[in-house]
Amino acid sequence: MALKIRLARGGAKKRPYYRIVIADVRSPRDGRFIEKVGSYNPMLPKEHAERIVLNQERIQYWIGHGAKPTDRVLRFLDAAGMLKRDARNNPQKGEPGQKAKERAEAKQQAAEDAAAAAAEETAAE
């Protein structure tokens, strides 16, 4: 059975509250889980002690039994010093797409043509 350590959403509309749970990967996000091992309340300030609560002993137990944390939970575990999260690197993330590059080149070419036409006009006078 493949296990995940993930967030299960609770709380009211626009007032989220998450339980950190051990669940089978096939079960739904807010559905059946094996054990609750913590909680996350994003409505509290970042420095508040109750924002992230982890049962470190049980989390270590489940990691030893093959449970894999999701990226968000791995961030919490890294901040708590339990696991190490490698920084992601996506050098193409901020790069514009092909169409945007073509539009930028066309706009630049039009600006150069307009500048050349203006220069010719002033030289002809």
Side-chain angles (χ1 to χ4, degrees):
M1 176 167 57
L3 299 173
K4 283 277 190 193
I5 305 173
R6 65 182 183 203
L7 298 175
R9 192 179 194 280
K13 179 180 176 183
K14 297 191 179 187
R15 306 278 304 166
Y17 182 84
Y18 297 93
R19 292 179 309 221
I20 300 171
V21 298
I22 310 297
D24 187 344
V25 296
R26 297 170 293 185
S27 63
R29 179 193 72 177
D30 300 336
R32 192 173 74 195
F33 61 90
I34 298 168
E35 183 180 351
K36 179 184 171 206
V37 293
S39 63
Y40 167 55
N41 187 353
M43 301 301 289
L44 295 175
K46 291 190 186 228
E47 63 275 353
H48 198 278
E50 297 294 315
R51 183 176 168 97
I52 300 171
V53 177
L54 300 170
N55 185 343
Q56 295 186 2
E57 183 179 305
R58 294 303 293 168
I59 291 172
Q60 288 295 353
Y61 169 82
W62 284 109
I63 289 173
H65 280 75
K68 302 273 189 228
T70 59
D71 188 54
R72 177 58 53 186
V73 173
L74 188 56
R75 286 174 184 254
F76 297 153
L77 298 179
D78 186 29
M82 296 175 66
L83 287 177
K84 185 69 180 141
R85 178 182 171 272
D86 295 327
R88 293 188 172 185
N89 183 18
N90 186 358
Q92 287 95 22
K93 181 177 180 181
E95 192 174 307
Q98 187 65 32
K99 292 265 188 177
K101 287 180 186 176
E102 290 172 3
R103 283 192 296 270
E105 287 175 11
K107 188 175 181 180
Q108 182 181 4
Q109 185 64 37
E112 289 174 1
D113 292 344
E120 276 185 26
E121 221 175 86
T122 56
E125 290 178 0

Evaluate side chain to side chain contact (heavy atoms under 4.5 Å, CB included) for Tyr18 paired with Arg72, printing each intermediate quantity in order.
CA-CA 12 Å; Tyr18 297 93; Arg72 177 58 53 186; over 6 Å; no
I need the [X] [atom1] to [Y] [atom2] distance, nearest 0.5 Å.
{"X": "Arg19", "Y": "Arg6", "atom1": "CZ", "atom2": "CZ", "value": "11.0 Å"}
{"X": "Lys36", "Y": "Arg58", "atom1": "NZ", "atom2": "CZ", "value": "14.0 Å"}
{"X": "Ile20", "Y": "Leu54", "atom1": "CD1", "atom2": "CG", "value": "5.0 Å"}

Kindly determine whether Lys84 and Asp78 satisfy side chain to side chain contact (heavy atoms under 4.5 Å, CB included), including the steps that lead there.
CA-CA 5 Å; Lys84 185 69 180 141; Asp78 186 29; 4.1 Å; yes
Are [Y] and [X] co-members of a hydrophobic cluster defined by side-chain heavy atoms under 4.5 Å apart?
{"X": "Ile52", "Y": "Phe33", "result": "no"}
{"X": "Trp62", "Y": "Val73", "result": "yes"}
{"X": "Tyr61", "Y": "Val37", "result": "yes"}
{"X": "Tyr40", "Y": "Leu74", "result": "yes"}

Check: Arg32 main-chain N/O paired with Ser27 side-chain donor or acceptor under 3.5 Å
yes
Using atom types as modelled and distance alone, determine if a side-chain donor or acceptor of Arg51 lies under 3.5 Å from a backbone N or O of Leu44.
yes
Heavy-atom pair of closest approach, residues [X] and [Y]:
{"X": "Arg15", "Y": "Met43", "answer": "NH1-CE, 3.2 Å"}
{"X": "Pro16", "Y": "Asn41", "answer": "O-OD1, 3.8 Å"}
{"X": "Leu7", "Y": "Arg29", "answer": "O-CG, 3.8 Å"}

Would you say that Asp71 contacts Arg85 through its side chain, given a criterion of any heavy-atom pair below 4.5 Å between the two side chains?
yes
The side-chain contact (heavy atoms from CB on, under 4.5 Å) partner of Ile63 among Ile22, Ile5, Leu3 is Ile5
Counting only heavy atoms not in Glu112, do more than 12 sit closer than 6.0 Å to its CD atom?
yes
Can you tell me if Lys101 has over 12 outside heavy atoms packed within less than 6.0 Å of its NZ?
yes
Take Leu83 and Ile59 through the test side chain to side chain contact (heavy atoms under 4.5 Å, CB included) and record every step on the way to the result.
CA-CA 11 Å; Leu83 287 177; Ile59 291 172; over 6 Å; no
